[in-house]
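Everything below concerns the one structure shown next.
This is a predicted model, so every value here is computed, not measured. Letters A, B, ... are given to chains in the order of the sequence lines, protein chains preceding strands, and every chain is numbered from 1.
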Amino acid sequence: MSGGDEVVAAPVGPPQPLDWKFSQVFGERTAGEEVQEVDIISAIEFDKTGDHLATGDRGGRVVLFERTDTKDPGLSRRDLERMDYPISRHPEFRYKTEFQSHEPEFDYLKSLEIEEKINKIRWCQTANGALFLLSTNDKTIKFWKVQEKKVKKISDMNLDPSKTVGNGCIASSSNSSCPKPCLANGGSSDRSCNYFGNDFSFPPGGLPSLRLPVVTSQETSLVARCRRVYAHAHDYHINSISNNSDGETFISADDLRINLWNLEISNQSFNIVDVKPANMEDLTEVITSAEFHPTHCNMLAYSSSKGSIRLIDLRRSALCDSHSKLFEEPEAPGSRSFFTEIIASISDIKFAKDGRYILSRDYMTIKLWDINMDSGPFATFQVHEYLRPKLCDLYENDSIFDKFECCLSGDGLRVATGSYSNLFRVFGCAPGSTEATTLEASKNPIRRQVQTPSRPSRSLSSITRVVRRGAETPGVDANGNSLDFTTKLLHLAWHPAENSIACAAANSLYMYYA
Amino acid sequence: MAMIDEPLYPIAVLIDELKNEDIQLRLNSIRRLSTIARALGEERTRKELIPFLSENNDDDDEVLLAMAEELGVFIPYVGGVEYANVLLPPLETLCTVEETCVRDKAVESLCRIGAQLREQDLVESFIPLVKRLASGEWFAARVSSCGLFHIAYPTAPDALKTELRTIYGQLCQDDMPMVRRSAATNLGKFAASVEAPHLKVDIMSIFDDLTQDDQDSVRLLAVEGCAALGKLLEPQDCVAHILPVIVNFSQDKSWRVRYMVANQLYELCEAVGPEPTRSDLVPAYVRLLRDNEAEVRIAAAGKVTKFCRILNPELTIQHILPCVKELSTDSSQHVRSALASVIMGMAPILGKDATIEQLLPIFLSLLKDEFPDVRLNIISKLDQVNQVIGIDLLSQSLLPAIVELAEDRHWRVRLAIIEYIPLLASQLGVGFFDDKLGALCMQWLKDKVYSIRDAAANNVKRLAEEFGPDWAMQHIVPQVLDMINNPHYLYRMTILHAISLLAPVMGSDITCSKLLPVVINASKDRVPNIKFNVAKVLQSLIPIVDQSVVEKTIRPCLVELSEDPDVDVRFFAGQALESSDQVMMSS
């Protein structure tokens, strides 16, 4: 999609559908094990390089994973060359560390409980080998630094901390083992102490009996430190945070407002979007998700509960209540029903890496939008059309309000999003691609499924909007009872550089590659 | 552990605590690093303490920040300037940490040390350090390096100078916006150290790149560079190179960039000279005054006086005043407020006639503004207009404005106007004050909010200072004393407070004849709070009045209070008696 010209020029056709394989699972449930509410994963995010992965859970914890298959300094050149085989190379991660990011709180002014659940995680610029990330719950954003610290052992103190001054010389072994110049020219302490008694006029040569502590460090451990807390800026629940490409600022969005922060300043933020009507009874639309453009520092997109995406330009004015561009699907005539507006609500938007396309997820579909085309979506993919007859049930049990996330591959050729029964779907969005795969978050992701019957291929150069009927999985649909609305795959992330997906099924993190 | 002699104990503890687990103790030790260094002596400071600090640099940021600061003034403790380069390694490491404030402090300390280094050390140690940082793997090091070039450059040999300029150019095109921002911020300083021919070529091309950066945050720092560079260049070069840039910036798509221009523009007028100012900068400024974005208009309006000071009055009247008129009715109250805070300063620039003709209507409309800040800002700068046209023309409009502010429902607004009353009184004169404002001052003494009553009491004192005791005796004191009979004890307390403030101004005679009897009378109050405040006031009166009065009037009253059933009254009466004893002893 990013190389549109190329595709037009070379008649290579769409890329082949990917063959997804199971890679790893963290926190797999044993049969019959009950899931603890606090362990349920509520956020997943790869960092920019794809070398790290972070998950947040409802218990307020953030767990970090690091990639193990790329950098291994211990390997010889020959080993490295051997590793260059393209086959066995897929991202593999291992547990790195975890920390408690948020704790449950109580807002006494509003008599409101603030749960610790992590709503979003965003990685910031790494520096000096330390990792930085932002995590947020409903109200408070925190800036974390995760760094290896040496575990220090301190010896050779002037005063033995455990003994009184009088009977020193206990730990003399550690003393003598460290050759310090001060021992050599000792012995003049009686002279110098006279000087010292004489009110802080030290002898020109200093006091030889004083020594500096010796610090030895054998091992390192990972330490997470909360560097800043950005609090008290949101009256409603924060649904998104997003870093700016300038490396200096980020936004946080709640139901009605978007605030702009400087990473270094935690006690002030600027309100840039406010959709709160003067009278709350006039409220018809809330902000559901917001994200900065990946490269243009002045552009930001936010989605709404009415299914529209607004692009705003921070350069135009300090308050961006009026948008620069509006993306909406024109309503099909006669199709309106009680559920139309509910299922139109966008639960997540993501910019593609090049910033030209925006992916959005509403209840029934994912849509790809070209930011240069505001007449309608560039492509639409049906995620679980077979649920349409069941909307009433879904409304009854509140499932219709589930907020599914969506993601794009690093090359922008494919998109993915989750569904019920721990299923997730991958669609090819390159022109001409018919790829539509359904996978299950389990060790055996490939369920029996039927490929889409061949359909008329559309012209390669077309910018025309095509509503695609993605490959449904009649297997599941036919015995619809197998659909389980309690096991839903809400959160997933695509590796920024490779075809690898991390997705959360309750408390388990599954990773797949192709 | 080693035997430590008793007198060395404190310093030994200090050294040990460099590595204590408690961050507060470590911080404390670092703060007294100079003491440790003196105890160790210069040689061991160089050979042990400094390497020790270099190795232990993964401490908490607070400790690192303190270390960076201490090391900046450490030259005397390592043996003077010839050994100063031993301080460079630990500071170099501190320049690479992620925390901005630590890095900034380390750069500051390095600059301080670099300025004192011998030329040889600069070339052999300092410049390589700058180059290392500039090619650092992580952006933090590169960010820090930008702030060191202006120290490194002047002493460098020619070949190195060329290299340093090239490196700086590369930093301005770094991948990381943070580095480019730092390079943009420090460009002015670096440019000042570069020779004129290179300035025109190398630095200007660097500057051009920065002005076209696609990150707004970089471009707006480049705006700041405009003024700095403009002052370094010859006027004709400035016109050729800087003027087009600033004119472009004044029409930038990003309001934040235009905002910066609005703040900086007046500085550039001096650099380019009068003719380009008239032909290019005035139109640019007028555009900014009429900008779509309120934030830009706020910045531009706030600089209107500074800008006009550079222009001649005709240009001001012809081009700027029409905008000022528009701004005085701007839709944003913050724009009007910014304008009101500076517009009075335009009166001396325009002179009497133009002020009366052009500015006065604007003053008057701003004085009637619905937003109290606007009115307050006008009133606070009244003296500037008074010098030019006198107050009479304004006074008719002033009074309603003051009265309205005095009765504003927000106590902060009332507080603000009280603060200005002495200024107003001095500008308006006794006559006007007596007629119109006296009553207001008394009314504030009975305000519902403590801060207002407190400020009002203070105001009464300042008025007495302004107009003298005789006037105060006639116009303030009787009214104030009347209020001591207020049924509410809080108001009576305010009056006691006012009396204690007035007494030193009024002098001994009036205090004894008028103020003291009222205070003594209040000692019979039924509310203990009043009584112990009486004790406090009496204590403050002791040094003012005659010794005989203390003996005859004050002490008996205090003695009586010291036997009061209320414990607080007894306490303060006792305190007052004690201080009267001391006064007697000393005299």
Qualifying residue for side-chain hydrogen bond (donor to acceptor under 3.5 Å, both in side chains) with A:Trp261, from A:Ser269, A:Ser266, A:Ser252: A:Ser252
Among B:Glu99, B:Arg258, B:Arg181, residue most engaged with chain A (heavy-atom pairs, under 4.5 Å): B:Arg181
Atom group of B:Gln215 that falls short of 4.5 Å from chain A, counting heavy atoms: both
Centroid-centroid under 6.0 Å between A:Phe292 and A:Phe351 rings: no
Distance, nearest 0.5 Å, that separates CZ of A:Arg228 from CD of A:Glu264: 5.5 Å
Winner by heavy-atom pair count (cut-off under 4.5 Å) against chain B, out of A:Asn298, A:Asp313, A:Thr126: A:Thr126
Residue B:Leu18 versus chain A: region with a heavy atom under 4.5 Å: side chain
Ring centre gap for A:Phe132 and A:Trp144 strictly below 6.0 Å: no
Atom group of B:Val13 that falls short of 4.5 Å from chain A, counting heavy atoms: both
Choice from B:Asp61, B:Asp252, B:Val296 maximising heavy atom contacts with chain A below 4.5 Å: B:Asp61
A:Arg316 versus chain B, the contacting section by heavy-atom distance below 4.5 Å: backbone
Which atoms of A:Thr295 approach chain B - backbone, side chain, both or neither, heavy atom under 4.5 Å: backbone
Options A:Ala130, A:Cys297, A:Gly247, ranked by heavy-atom pairs under 4.5 Å with chain B, top entry: A:Cys297
B:Asp174 and B:Phe139, any side-chain heavy atoms less than 4.5 Å apart: no
Option in B:Asp216, B:Thr100, B:Leu49 with maximal non-hydrogen atom pairs under 4.5 Å from chain A: B:Asp216
Sidechain N-carboxylate O distance under 4.0 Å for B:Glu17, B:Arg26: no
Candidate list B:Gln173, B:Arg219, B:Arg180, test side-chain hydrogen bond (donor to acceptor under 3.5 Å, both in side chains), partner B:Asp213, passing option: B:Arg180
